[in-house]
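Here's the structure we're looking at; comments come further down.
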Amino acid sequence: MDIVNILRDKILNSVNQLVDERNLKQPINMNNIVVERPKKQHQGDYSTNAAMVLGKALSSNPRDLGEIISLRLRDSELISNISLDGPGFLNITISPKFWDRLIYEINSSNNRYGEESFGGGKKVNLEYVSANPTGPLHLGHVRGAVFGDVLSRLLEFVGFKVTREYYVNDGGTQIGILVRTIYLRYLEKLGEVIEFPDESYPGDYLIPIAEKLIDKYGNKLKNLSEVERDNIIRSFSIEHMMEIIKADLKSLNIEMDNFFSEQAMIDSNAIDKSISALKDKGLIYTGIIDAPKGKIYADWKAREQLLFKSTEFDDDIDRPIKKSDGSWTYFAPDLAYHADKLNRGFDVVIDVLGADHSGYVSRLKAVINAFAEKNVEFEVKLVQLVKLIKNKKVLKMSKRAGDYILIQDLLKEVSSDVIRFVMLSRNNDIPLDFDIDLMLSKSKDNPVFYVNYAHARIVSVFKRAEELNIWPLSKIENFEKKNYTYMDSELALLKKLSEWPNVVKQSARYHEPHRIVYYLSELASSFHSLYQSSTDSIPYRFIVEGSKELCIKRLVLAKSTQIVIKNGLSILGIVPLDEMY
RNA sequence: GGUGACGUAGCUCAGCUGGAUAGAGCACCAGAUUUCGGCUCUGGGGGUCGAGGGUUCGAAUCCUUCCGUCAUCGCCA
């Protein structure tokens with residue numbers, strides 16, 4: 001258990017004692033009791049709202065309760081002072097021993113510092129990317145991909161069992177268009193003059209697939225029946241498109257566990273099965289839905305169609321599952337797909353979708369509610385658009401061929417580590433600007449540089465220390481008994497380091513990996529600040545010749561910082577730089 | 001028209017899910033260092049948290065009504 005949690009435990013113990021004595025009937029929610037870093041310096045090192053939470057439950061004065069709690073906590077060897085402030089905050093000043101223990105804990109846990117177990121081995125299905133196999137990934141997909149990948153690492157770090165899943169839309173009408181386009185490319189390569197219809201994919205990226213078709217089949221496809229030919233091209237092109245997408249993902253350090261094929265699901269009759277299951281529950285009927293009011297549909301005709309009664313589960317209208325021509329809507333396979341996820345026994349189901357799917361969320365929730373037999377946590381994370389900026393201009397990503405920015409092209413300019421970091425530098429539901437020039441700049445404006453630079457500085461300090469034969473240490477076992485005194489800028493860094501487990505916990509609990517990025521920037525800032533102060537005064541240097549004990553204290557502090565930076569970046573899927581480029 | 005998200009400093013955004021005097025970076029102003037790494041650090045000004053109402057000891061956070069932006073509401077996935 002991390003040191004801040006130990007502190008929290010002590011507080012909870014005192015609260016529990018008090019609850020027993022006051023003979024409290026209703027249970028109080030201990031999760032509401034937090035131990036946090038206060039904003040202001042004079043408010044101590046940590047503070048807790050315990051007395052106020054308890055005050056509410058007991059409906060008595062928080063300040064009186066605070067007095068009692070603080071009296072009980074005073075004995076703890078970790079605490080040097082407690083004061084009761086404001087409406088009932090307990091502001092705690094930590095004894096120096098606390099920091100030695102923190103450092104010991106970080107170094108002995110090393111790459112497991114911050115690890116949690118509250119996931120309890122629960123099974124999570126995390127679906128992300130799920131781009132159609134009709135073209136390479138674009139920047140919007142990348143944001144979702146990175147988000148999902150980092151969330152999966154984060155959830156595993158706190159004890160969940162995560163299945164990373166990609167839903168392959170290989171069954172819809174888009175694929176028909178893909179097949180047709182590739183066939184036209186194929187004919188074009190065979191020397192025919194082709195005019196491409198509006199309903200086709202214009203990008204050059206399909207040409208290599210057409211070439212591969214020729215390698216394999218020569219001009220034989222021309223002689224086959226349309227059905228036979230389409231079948232061949234269909235599986236051939238999906239396979240190759242998915243290879244391109246997988247390669248893109250791999251170059252971003254992203255690997256999926258499972259590719260779930262829509263077509264395979266359709267072939268297994270899963271849609272009919274789940275629809276009839278819903279029918280049995282009385283959730284399917286034939287009816288007419290109204291045209292949306294604020295929008296003009298020139299060719300709107302009221303039609304009877306097959307509907308899913310999602311309003312039963314708080315959706316605002318019932319949702320069509322068959323088109324007028326009798327084929328399934330997009331929603332129908334997705335409905336079956338989510339039923340399938342539940343069948344596989346997941347405890348947590350998370351979809352990472354583009355923000356243009358926002359209108360889709362409530363019907364998916366309805367599906368989950370209609371099918372779930374046990375308590376399943378379902379969440380849709382919507383990822384907003386990414387604007388690519390170069391030379392202070394927005395690069396438009398239209399579907400016309402020339403404007404399509406390939407991931408591989410972007411990777412020629414910036415590393416995948418940079419892309420990953422930037423993609424998480426905003427909350428997922430806020431649009432993001434990806435400024436290429438900024439990401440190439442070597443200054444603190446560039447957050448990736450800033451964090452890496454802190455790490456590189458640490459590595460460089462160790463190099464120097466090794467030359468002087470004071471590093472590495474053989475062991476740090478007694479560090480918790482050192483009783484060092486720490487100066488202000490060291491304390492600031494230590495406090496930042498102590499926040500790490502809580503940052504992990506919060507990010508994982510709320511599925512918000514961007515918090516890790518913010519934290520790392522703050523941590524780097526604390527480190528740079530300390531590093532800088534060493535130029536102001538010799539005692540602040542990491543390597544002080546003639547004082548081995550001081551060196552050790554400072555080097556272990558640097559080491560602790562390195563560990564946390566590494567752990568943080570590792571959740572982001574980034575390897576820190578030892579030397580700046 | 002319905003639904004959802006968003007609206008916080010000049011700009012870009014955090015804000016630990018109801019806590020203390022609302023924070024950070026950029027930009028601007030003033031300084032320090034250039035030695036372990038190009039850089040970085042320190043300080044300063046700057047706010048009606050879109051607007052009104054409500055809930056309570058306490059609201060940027062919860063409820064409600066408006067305003068604005070975006071997305072979405074049937075054959076595009």
Side-chain angles (χ1 to χ4, degrees), chain A residues 32 34 36-40 43 47 49 52-53 55-56 61-62 85-89 91 130-132 134 169 171-175 177 262 289-295 297 299-303 305 307 314-317 319-320 322-325 327-331 333-334 354-363 382 384-385 425-427 429-433 435 438 442-445 447 449-450 453-454 456-465 489 499 502-503 505-507 509-510 512 514-515 518-519 521-522 525 528-536 541-543 558 579-580:
Chain A
N32 287 341
V34 293
E36 58 189 355
R37 293 272 323 282
K39 287 169 194 153
K40 308 287 172 186
Q43 292 165 341
S47 75
N49 60 350
M52 289 185 291
V53 173
K56 195 167 228 168
N61 189 340
D85 294 311
F89 284 102
N91 291 331
S130 295
N132 289 339
T134 54
N169 285 118
T173 48
Q174 291 299 306
I175 295 297
I177 298 171
E262 180 191 7
I289 53 170
D290 297 330
K293 278 176 183 152
K295 206 172 161 186
Y297 277 84
D299 56 349
W300 180 274
K301 277 178 198 149
R303 281 196 191 98
Q305 55 191 155
L307 299 173
D314 289 338
D315 198 357
D316 46 306
I317 56 168
R319 303 294 175 172
K322 267 194 182 174
K323 299 180 196 169
S324 53
D325 66 0
S327 64
W328 299 116
T329 61
Y330 175 73
F331 177 48
D334 223 7
D356 52 340
H357 287 68
S358 67
Y360 210 68
V361 175
S362 51
R363 78 190 73 170
L382 295 175
Q384 284 283 357
L385 293 174
S425 61
R426 293 276 178 273
N427 197 330
D429 56 20
I430 298 263
L432 175 76
D433 289 347
D435 187 330
L438 188 60
K442 297 177 184 182
S443 77
K444 71 174 298 190
D445 302 359
F449 177 90
Y450 191 68
Y453 186 40
R457 276 182 149 176
I458 292 169
V459 170
S460 145
V461 167
F462 288 142
K463 256 186 217 156
R464 180 86 186 108
S489 53
E499 288 175 25
N502 201 40
V503 170
K505 209 180 300 172
Q506 300 292 337
S507 312
R509 181 159 289 155
Y510 301 113
E512 291 180 349
H514 71 278
R515 290 172 191 242
Y518 278 91
Y519 171 78
S521 297
E522 287 165 17
S525 172
H528 283 306
S529 179
L530 176 62
Y531 188 97
Q532 179 66 26
S533 63
S534 73
T535 58
D536 302 338
R541 293 177 65 85
F542 284 93
I543 296 167
E579 293 178 22
M580 297 314 287

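Reminder, nothing fancy here: chain letters follow the sequence lines and each chain counts from 1. Only heavy atoms go into these numbers, but all of them, side chains included; no hydrogens, no water, no symmetry mates. Bear in mind the structure is a predicted one, so any value in this text is a computation, not a measurement.
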Quiz prompt | Under 4.0 angstrom between A/H514 side-chain N/O and B/C16 OP1 or OP2 | solution = no

Practice problem: Quick one: label A/S362 by what it contacts on the DNA or RNA (base, sugar-phosphate, nothing), any heavy atom closer than 4.0 Å. | Solution: nothing

Exercise. Using only side-chain N and O atoms of A/R509, determine if any of them is under 4.0 Å from OP1 or OP2 of B/C16.
Key: no

Quiz item: Contact class for A/Q174 (heavy atom, under 4.0 Å): base, sugar-phosphate, or nothing?
Solution: sugar-phosphate

Quiz prompt | Touch class at under 4.0 angstrom, heavy-atom based, for A/L382 against every strand present | solution = nothing

Quiz item: Between A/Y518 and B/A24, is there a side-chain N or O to OP1/OP2 distance below 4.0 Å?
Solution: no

Quiz item: Would you say a side-chain N or O of A/Y450 is under 4.0 Å from OP1 or OP2 of B/C41?
Solution: yes

Quiz prompt | Side-chain N or O of A/S529 closer than 4.0 Å to phosphate OP1/OP2 of B/U42 | solution = yes

Quiz item: Between A/Q43 (side chain) and A/P38 (backbone), is there a donor-acceptor pair under 3.5 Å?
Solution: no

Quiz item: Taking only N and O in the side chain of A/K444, is any of them less than 4.0 Å away from OP1 or OP2 of B/C41?
Solution: yes

Quiz prompt | Pairwise C1' distance, B/G68 and B/G52 [rounded to whole Å] | solution = 15 Å

Quiz item: At under 4.0 Å between heavy atoms, what does A/P431 touch on the DNA or RNA strands: base, sugar-phosphate, or nothing?
Solution: sugar-phosphate

